[in-house]
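Only heavy atoms go into these numbers, but all of them, side chains included; no hydrogens, no water, no symmetry mates. Treat the numbers as computed from the prediction; the structure is a model and nothing was measured.
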Amino acid sequence: ARNLVAMLTAYAADNGDLIQVVEGYRSYAVQDFYTRSDAAYGKPKPAGTSGHGAGLAIDIRDVAAHIQWIGRHGADFGWVPLAGDIIHFD
């Protein structure tokens, strides 16, 4: 959680804007529902295999500037993008 707060704070300081995290932890039941439904950003990992189940993944609002900034700076805070899912970071 500290790394996430640090990253969001750094983005806000650099840009005067806020990154909106739309999802973090997901229960197994929610992961299973997403796995069986149509996904806007690609097929999610099978339930129980995503970082969301452990609270170690986030999805952000699909804003190009936010995605690009995390792509450039996220690793400094321990957050890296998931290939094929532009709004997901582990």
Q: Would you name the heavy atoms of Ala10 and Phe77 that are closest together and state the gap between them?
A: CB-CZ, 3.6 Å
Q: Of the non-hydrogen atoms in Gly53 and Gln31, which two are nearest, and what is the gap between them?
A: CA-NE2, 3.1 Å
Q: What is the minimum heavy-atom distance between His88 and Ser50, and which atoms define it?
A: CE1-OG, 4.3 Å
Q: Tell me whether Arg2 at atom CZ has more than 12 heavy atoms from other residues, nucleotides or ligands lying less than 6.0 Å away.
A: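 Not more than 12 within 6.0 Å, no.
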Q: Can you confirm whether the side chains of His66 and Asn15 place a donor and an acceptor under 3.5 Å from each other?
A: no
Q: Do Asp59 and His52 touch side chain to side chain, with heavy atoms closer than 4.5 Å?
A: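 Yes; the side chains approach each other to less than 4.5 Å.
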Q: Can you tell me how far NE2 of His73 sits from CD of Gln68, rounded to the nearest 0.5 angstrom?
A: 10.5 Å
Q: For the residue pair Gly55 and Tyr25, what are the closest heavy atoms and their distance?
A: N-CD1, 4.0 Å
Q: Out of Ile70, Val80, Val21, which residue meets the side-chain contact (heavy atoms from CB on, under 4.5 Å) rule with Phe89?
A: Ile70
Q: Side-chain contact, heavy-atom cut-off 4.5 Å: Ile87 with Ile67?
A: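 Of all side-chain heavy-atom pairs linking Ile67 with Ile87, at least one is under 4.5 Å.
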Q: How many angstroms lie between atom CD1 of Ile58 and atom CH2 of Trp79, to the nearest 0.5 angstrom?
A: 5.0 Å
Q: Heavy atoms only: give me the nearest Ala12-Leu18 pair and the separation to one decimal.
A: CB-CD2, 4.0 Å
Q: Same cluster or not: are Leu82 and Leu56 linked, directly or through other Ile, Leu, Val, Met, Phe, Trp or Tyr residues, by side-chain heavy atoms under 4.5 angstrom apart?
A: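 In one cluster with Leu82: Leu56, no.
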Q: Are the side chains of Asp17 and Tyr11 in touch, meaning some heavy atoms are under 4.5 Å apart?
A: yes
Q: Indicate the atoms forming the closest heavy-atom contact of Ala57 with Asp90, along with that distance.
A: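 Distance-wise, the nearest heavy atoms are CB-OD1, 3.2 Å.
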Q: Quick check on side-chain hydrogen bond (donor to acceptor under 3.5 Å, both in side chains): which of Lys45, Arg26, Glu23 does Tyr34 satisfy it with?
A: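 One option only clears the test, and that one is Glu23.
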